[in-house]
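Have a look at the structure below before the remarks.
Predicted model, so just to flag it, every value in this text is computed and none were measured.
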Amino acid sequence: MKKIEISVIVLTYFPKWTELKKTLLSIIHQEGINYEILIADDGSDNYCIEEITDFFKEYNYDNYEVVHQEKNVGTCKNCLAAIKVAKGEYVRLISPGDYISTSNNLRDWYEFMQSNNADASFGNAIYYNMQDGKYNIITKKGTAPIVTNIYDAKKYKSQWVGIFNLVLYDSILGAAFLTKRDLMQRYCEEVVEANIIYTEDKMYKFMIMDEMKILHYPLDVVIYEYGEGISTSSNEASILRMAKDEESFNKRVLQRNSTFSMGKNYKKYILSKTNGKGKIRKFILFPRLLLAQIYIKIKTSSSKSNNLVDQKFLNKIEENE
């Protein structure tokens, strides 16, 4: 049996079959890579099991598994349950309505990870929304993150990464990551232990505190439905969930005993914020912060997402709807 190189985990909760099917199509049309598909459902009454079974039967694909929670446990626990089942060397997370961007994406990204001996990396996103039943590609001002050159393999500086990502909240889109399975499991377990319910991408914040090297893969990796996920939604319930997860995250930061300077300083910063002294203290803890603030302001004015899609690949997904 061939080694499974990538496990693609599709995180679902009351999925719409039309969206889930297109996401699955974007996966099974991947070429030149040995992968598996795990569908991790977070306690839905109807999680499209019959449609899923028929779909894979139609495409004669059997390297898949459905991991169904008996009750709703939240995104992070749902994600962890699937990671524990995964057999791939690397893991990629995706949700219904989001699509892998090209037919050779997984293969090329895997080769990038191998050649750079990377523990984790992230790529670029193409954003879209639906208008009158049609795809509307968005040229989004401000990418996620805005500053990407600090994640370059040859120029990587963990202190700069920590300042931009943790202190300036220049966060990375969770749907754009590829991560070593054992590393993802370890940090996802920490997220669950911290009682973080929905924002599983907090695990990458913990990695950055521990000065793990997270590289930027400079190609588009996901066609992302903007405004639907918890991180880009503006509805009140999503905002409250994120705020509660942020509170749990900060509590965990204060409990951690990091041996890394970034982790130690970030813990001191969070503590100073709780005492109302964060605005001054952060410049002492992070002397390069002012330069970073100036740089990100400059980059923000010119940062925008790509709006060029692989139309041939997208048509392949659409034609099979």
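A heavy-atom distance below 4.5 Å is not found between the side chains of V161 and I214. With a 4.5 Å cut-off on side-chain heavy atoms, K297 and Q293 do not count as touching. Between E65 and K87, the closest side-chain pair of non-hydrogen atoms falls below 4.5 Å. Side chains of L25 and K316 form no contact here, defined as non-hydrogen atoms less than 4.5 Å apart. Between L219 and T102, every side-chain heavy-atom pair lies at or beyond the 4.5 Å cut-off. Inter-residue side-chain proximity for I37 and L24 is flagged as met; some heavy-atom pair is nearer than 4.5 Å. Contact annotation: the side chain of T53 approaches that of Y64 to within less than 4.5 Å [non-hydrogen atoms, C-beta and beyond]. The shortest distance between side-chain heavy atoms of L11 and C79 falls below 4.5 Å.
Pairing each heavy atom of G32 with each of R107, the nearest pair is O-CG, 3.3 Å. Heavy atoms only, all atoms of each residue included: V91 and M184 are closest at CG1-SD, 3.4 Å. N116 and A153 make their closest contact through OD1-CB, 3.5 Å (heavy atoms, listed as atom of the first residue, atom of the second, distance). Nearest heavy-atom pair across A40 and I9 is CB-CG2, 4.1 Å. In this structure, S248 and N195 approach most closely via the heavy-atom pair OG-O, 3.4 Å. In terms of heavy-atom proximity, L215 sits nearest to A118 at CD1-CB, 3.8 Å.
The hydrophobic clustering, which links ILVMFWY residues whose side-chain heavy atoms are closer than 4.5 Å, places V67 and I52 together. A chain of hydrophobic side-chain contacts below 4.5 Å, direct or via other Ile, Leu, Val, Met, Phe, Trp or Tyr residues, connects W17 to V10. Criterion: ILVMFWY side-chain heavy atoms under 4.5 Å apart, direct or through other members. Under it, L308 and Y127 are not part of a common hydrophobic cluster.
You'll find the ring centres of F164 and Y151 outside the 6.0 Å limit. Aromatic pair Y187/F206: ring centres not closer than 6.0 Å.
Within the model, atoms OG of S261 and CG of L285 stand 11.0 Å from one another, a figure rounded to the nearest 0.5 Å. Note that CD1 of I94 is 9.5 Å distant from OH of Y99, once rounded to the nearest 0.5 Å. Remark: N250 CG to K273 NZ distance equals 6.0 Å, nearest 0.5 Å. With rounding to the nearest 0.5 Å, the separation of CG in N63 from CD1 in I28 is 12.5 Å. Of the inter-residue distances, the one linking Y156 atom OH with E211 atom CD reads 8.5 Å to the nearest 0.5 angstrom. Between the OG1 atom in T259 and the CG atom in N257 there is a gap of 9.5 Å [rounded to 0.5 Å].
With hydrogens and angles disregarded, no donor-acceptor distance shorter than 3.5 Å links the side chain of D98 to the backbone of Y224. At least one donor-acceptor pair closer than 3.5 Å links the side chain of T23 to the backbone N or O of G97. At distances below 3.5 Å, not a single donor-acceptor pair connects side-chain atoms of D42 with backbone N or O atoms of N72. The closest donor-acceptor contact from the side chain of S303 to the backbone of T143 lies under 3.5 Å. Judged by distance alone, with hydrogens and angles left aside, the side-chain atoms of S101 form a donor-acceptor pair with the main-chain N or O of D220 at under 3.5 Å. D245 contributes no side-chain N or O that, together with a main-chain N or O of I196, makes up a donor-acceptor pair within less than 3.5 Å. Between the side chain of R181 and the backbone N or O of G88, at least one donor-acceptor pair lies under 3.5 Å. Between the Q30 side chain and the L106 main chain, a donor and an acceptor come within less than 3.5 Å of each other.
More than 12 heavy atoms of other shown residues, nucleotides or ligands fall within 6.0 angstrom of atom NZ in K180. More than 12 heavy atoms of other residues, nucleotides or ligands sit less than 6.0 Å from atom CD of Q255. The environment of CG in N60 is sparse: at most 12 heavy-atom neighbours from other residues, nucleotides or ligands sit within 6.0 Å. At most 12 non-hydrogen atoms from other residues, nucleotides or ligands lie less than 6.0 angstrom from CD1 of I280. The 12-atom threshold is not exceeded at NZ of K77, counting heavy atoms of other residues, nucleotides or ligands nearer than 6.0 Å.
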Exercise. Could you check V147 against L168 for side chain to side chain contact (heavy atoms under 4.5 Å, CB included), going step by step and ending with a plain yes or no?
Key: CA-CA 11 Å; V147 178; L168 294 180; over 6 Å; no

Quiz item: Going through the distances and angles, do E89 and M113 end up as a side chain to side chain contact (heavy atoms under 4.5 Å, CB included)?
Solution: CA-CA 11 Å; E89 184 179 357; M113 296 286 283; over 6 Å; no

Exercise. Kindly determine whether S95 and E19 satisfy side-chain hydrogen bond (donor to acceptor under 3.5 Å, both in side chains), including the steps that lead there.
Key: CA-CA 9 Å; S95 299; E19 294 181 352; over 6 Å; no

Quiz prompt | Test log, rule side chain to side chain contact (heavy atoms under 4.5 Å, CB included), inputs K205 and N165 | solution = CA-CA 8 Å; K205 302 282 187 183; N165 188 285; 3.0 Å; yes

Quiz item: Given the rule in the side chain to side chain contact (heavy atoms under 4.5 Å, CB included) test, do N105 and R92 qualify, once you have shown the distances and angles that lead to the verdict?
Solution: CA-CA 12 Å; N105 170 251; R92 175 169 187 180; 2.7 Å; yes

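F313 and H29 have perpendicular rings, their planes meeting at more than 60° on a 0 to 90° scale where under 30° would count as parallel. Between Y61 and Y35, the ring planes lie parallel to each other; the angle is under 30°, not in the 30° to 60° tilted range.
For Y90, the ring pair (Phe, Tyr, Trp, His ring centres under 6.0 Å) criterion is met by Y110, not counting sequence neighbours. Every residue two or more places apart in sequence or in another chain that forms a side-chain contact (heavy atoms from CB on, under 4.5 Å) with D108 is listed here: N104, E111, Y217.
Listed by first then second residue, pairs satisfying salt bridge (charged side-chain N to carboxylate O under 4.0 Å, His left out) with a partner in residues 262-271 number zero, not counting sequence neighbours.
Salt bridge present: E247 and K251 bring a charged side-chain N and a carboxylate O closer than 4.0 Å. Taking the charged nitrogens against the carboxylate oxygens, E190 and K202 have no contact shorter than 4.0 Å, which rules out a salt bridge. Using a cut-off of 4.0 Å between Lys/Arg side-chain N and Asp/Glu carboxylate O, K21 and E51 are scored as not salt-bridged.
Using modelled atom types, one finds a donor on one side chain and an acceptor on the other under 3.5 Å when comparing N124 with H216. Counted by atom type alone, K3 and N34 present zero donor-acceptor pairs between their side chains at under 3.5 Å. Side-chain contact, Y295 with N149: a donor N or O sits under 3.5 Å from an acceptor N or O. Under 3.5 Å, the side chains of T179 and Y204 contain a donor-acceptor pair of N or O atoms.
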